[in-house]
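In what follows, a single structure is set out as structure tokens and then discussed.
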Amino acid sequence: MKLKELIRTVQPVQIIGSTDIEIAGVDIDSRQVQEGHLFVAMRGTQADGHAYIPAAIGQGARAVVCEELPAGGDVAPDGEVTYVVVKDSEEAAGRIATLFYGDPTSRLELVGVTGTNGKTTTATLLYRLFRYFGYKVGLISTVCNYIDDQPVPTEHTTPDPITLNRLLGRMADEGCQYAFMEVSSHAIAQKRISGLRFAGGIFTNLTRDHLDYHKTVENYIRAKKKFFDDMPKEAFSLVNLDDKNGMVMVQNTRSQVHTYSLRSLCDFKGRILESHFEGMLLDFNGQEVAVHFIGRFNAYNLLAVFGAAVLLGQKEQEVLIGLSTLYPVAGRFEAIRSPKGYTAIVDYAHTPDALTNVLTAIHGVLEGRGRVITVVGAGGNRDKGKRPMMAKEAARLSDRLIITSDNPRWEEPQDIIDDMLAGLNAADKEKTLSIADRREAIRTACMLAQKGDVILVAGKGHEDYQEIKGVKHHFDDKEEVRKAFNV
């Protein structure tokens with residue numbers, strides 16, 4: 001594709017060299033550059049891509065998009081490299097990638113899901129529901145990306161703009177009519193979704209998370225809100241009316257606003273009629289549906305799926321039938337029954353609010369007929385402020401609490417545990433154990449459990465590794481639970 005075509009939507013500040021050249025690929029990582037590629041130099045959180053312009057040229061870059069020219073004045077040796085200077089290379093990267101990969105969101109319906117909790121479940125259930133309806137569908141999520149039934153491994157909730165557009169381009173090329181994706185606050189703030197056109201956006205909820213990156217709750221809210229601010233007028237925005245930030249998200253949107261709720265008058269109204277460990281009986285817009293999910297938080301997720309599917313043109317009755325066939329997403333409230341008569345729940349909950357939701361759901365089913373034993377840790381090199389809050393919530397809603405290691409990353413596990421213990425009062429500490437070895441913590445919980453009890457193993461969910469000092473070691477909570485059952 002000609003460079004002049006690729007940069008037609010980025011409003012260059014300065015161009016040095018010819019734009020009538022053919023570009024064979026687009027990269028933001030200089031190590032990926034090949035002969036004839038365009039390199040976009042972005043100022044990342046870990047490194048500044050401008051420092052890698054010489055390396056990209058050495059790899060064969062034919063053109064460079066940057067915010068400032070390399071020092072020294074020798075910007076276009078022998079006229080071989082074209083420089084395109086822009087105000088914002090993060091924004092430019094997405095727009096260029098969109099054009100290079102054939103504007104994929106003009107060829108399929110893309111729906112984004114944002115919020116603190118529920119993104120993975122909501123996006124994945126929409127993907128499964130629309131496949132149930134017979135469509136070819138794409139999914140971009142924390143757990144895995146899919147092009148119809150073909151899995152594509154993932155490392156980030158929302159990939160970088162080059163990877164994202166390449167993936168969406170493949171989806172469109174292979175006939176996908178819909179794509180559902182998680183949209184993280186990082187991705188919005190870093191403009192990874194620049195250039196994409198959304199058919200709809202869903203807001204699940206907002207509680208404290210990622211303050212290691214955003215620094216303040218206000219910045220976090222602003223990042224989420226920008227997703228809806230940028231939504232086109234023909235798109236829909238579906239927001240949780242029961243979350244205090246629900247209507248804040250759509251204050252300045254041009255899109256068509258719709259709401260869902262378990263408490264208030266809205267477009268998509270739900271009620272929980274019955275709940276047990278095998279599932280719930282729900283009422284959506286006056287019609288009953290039995291589902292294989294439990295917990296109020298899952299009722300919200302399913303209601304969001306219901307509303308989005310209807311807004312995408314599906315009939316309510318057919319959507320309800322589809323919902324009744326769906327099962328929980330990997331690592332989201334997965335129940336494993338012990339031969340000894342107690343139940344273990346493995347869940348990804350890694351924020352105070354998510355822990356509260358899961359533990360409240362467990363109590364709603366138990367109704368005092370058994371004890372709750374919680375195993376939980378907190379991730380290293382992430383928001384330290386939520387650690388004591390998580391421990392406090394876990395202690396409040398558990399009969400026994402075991403604080404352990406999660407992904408310590410570069411921190412010492414015991415330091416993280418100490419941060420969590422700081423949130424407990426004397427009474428909480430009496431029912432709390434701290435066991436740094438996560439395997440031993442799970443095994444201990446299973447030894448303490450009696451018939452009728454429920455063990456919650458929280459924080460890692462679908463993850464099959466534990467990250468320690470930069471190395472990922474195989475570790476799967478579900479595997480460890482099953483091993484402990486046989487002890």
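Counted by atom type alone, D353 and N205 present zero donor-acceptor pairs between their side chains at under 3.5 Å. Counting only N and O atoms by type, the side chains of Q59 and H37 include no donor and acceptor under 3.5 Å apart. In the model, N357 has no side-chain atom that pairs as donor or acceptor with a side-chain atom of T360 under 3.5 Å. Judged by distance alone, the side chains of N240 and T204 never bring a donor and an acceptor atom under 3.5 Å apart. Inspection of the D103 and T98 side chains reveals no N or O donor paired with an N or O acceptor under 3.5 Å. Side-chain atoms of D242 and Y300 form a donor-acceptor pair, as typed in the model, at a separation below 3.5 Å. Between the side chains of R332 and H462, at least one donor-acceptor pair of N or O atoms lies under 3.5 Å.
Residues L206 and T116 come closest through the heavy atom pair CA-OG1, 3.3 Å. Nearest heavy-atom pair, D160 versus R192, reported as atom, atom and distance to 0.1 Å: CA-CD, 3.9 Å. Closest non-hydrogen pair, Y52 versus S30, comes out as CB-OG, 3.6 Å. Of all the heavy atoms in S264 and L241, the pair that sits closest is CB-CD2, 3.9 Å. For A24 against F100, the heavy-atom pair with the smallest separation is O-CZ, 3.4 Å. Shortest non-hydrogen contact noted between S89 and V40 is O-CG1, 3.7 Å.
For the pair H292 (side chain) and S324 (backbone), a donor-acceptor distance under 3.5 Å is present. For the pair E467 (side chain) and K472 (backbone), a donor-acceptor distance under 3.5 Å is absent. Looking at E411, its side chain does come within 3.5 Å of a backbone N or O of N381 through a donor-acceptor pair. Judged by distance alone, the side chain of N245 and the main-chain N or O of V248 form no donor-acceptor pair under 3.5 Å.
Y135 and Y178 have perpendicular rings, their planes meeting at more than 60° on a 0 to 90° scale where under 30° would count as parallel. The aromatic rings of F203 and F228 stand perpendicular to each other, their planes meeting at an angle above 60°, with 30° marking the opposite boundary. F268 and F306 have perpendicular rings, their planes meeting at more than 60° on a 0 to 90° scale where under 30° would count as parallel.
Taken from CD1 in I193 to OG1 in T114, the straight-line distance is 8.0 Å, to the nearest 0.5 Å.
A salt bridge links K225 with D229: the closest approach of a Lys/Arg side-chain nitrogen to an acidic carboxylate oxygen falls below 4.0 angstrom. A salt bridge does not link E5 with K2: every distance from a Lys NZ or Arg NE/NH1/NH2 to an Asp or Glu carboxylate oxygen is 4.0 Å or more. Contact check on K136 versus E174 returns no salt bridge, with no Lys/Arg side-chain nitrogen under 4.0 Å from an Asp/Glu carboxylate oxygen. Using a 4.0 Å cut-off between a side-chain N of Lys or Arg and a carboxylate O of Asp or Glu, K478 and D464 do not qualify as a salt bridge.
Under a cut-off of 6.0 angstrom, the local environment of CZ in R409 is crowded, with over 12 non-hydrogen atoms contributed by other residues, nucleotides or ligands. Q11 CD: 12 or fewer foreign heavy atoms inside a 6.0 Å radius.
Residues L99 and T9 form a side-chain contact, since some pair of their non-hydrogen atoms from C-beta on lies under 4.5 Å apart. Here the side chains of Q177 and L108 are not in contact, with every heavy-atom distance at 4.5 Å or above. Looking at heavy atoms from C-beta onward, E182 lies out of side-chain contact with I140 at the 4.5 angstrom threshold. Counting only heavy atoms from C-beta outward, the side chains of V111 and F236 approach each other to under 4.5 Å.
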- Can you check ring-ring contact (aromatic ring centres under 6.0 Å, His included) on F130 and F180, steps first, answer last? CA-CA 10 Å; F130 274 72; F180 301 100; 5.3 Å; yes
- Item | Audit row: V375, D477, side chain to side chain contact (heavy atoms under 4.5 Å, CB included) steps and yes/no | CA-CA 10 Å; V375 179; D477 282 352; over 6 Å; no
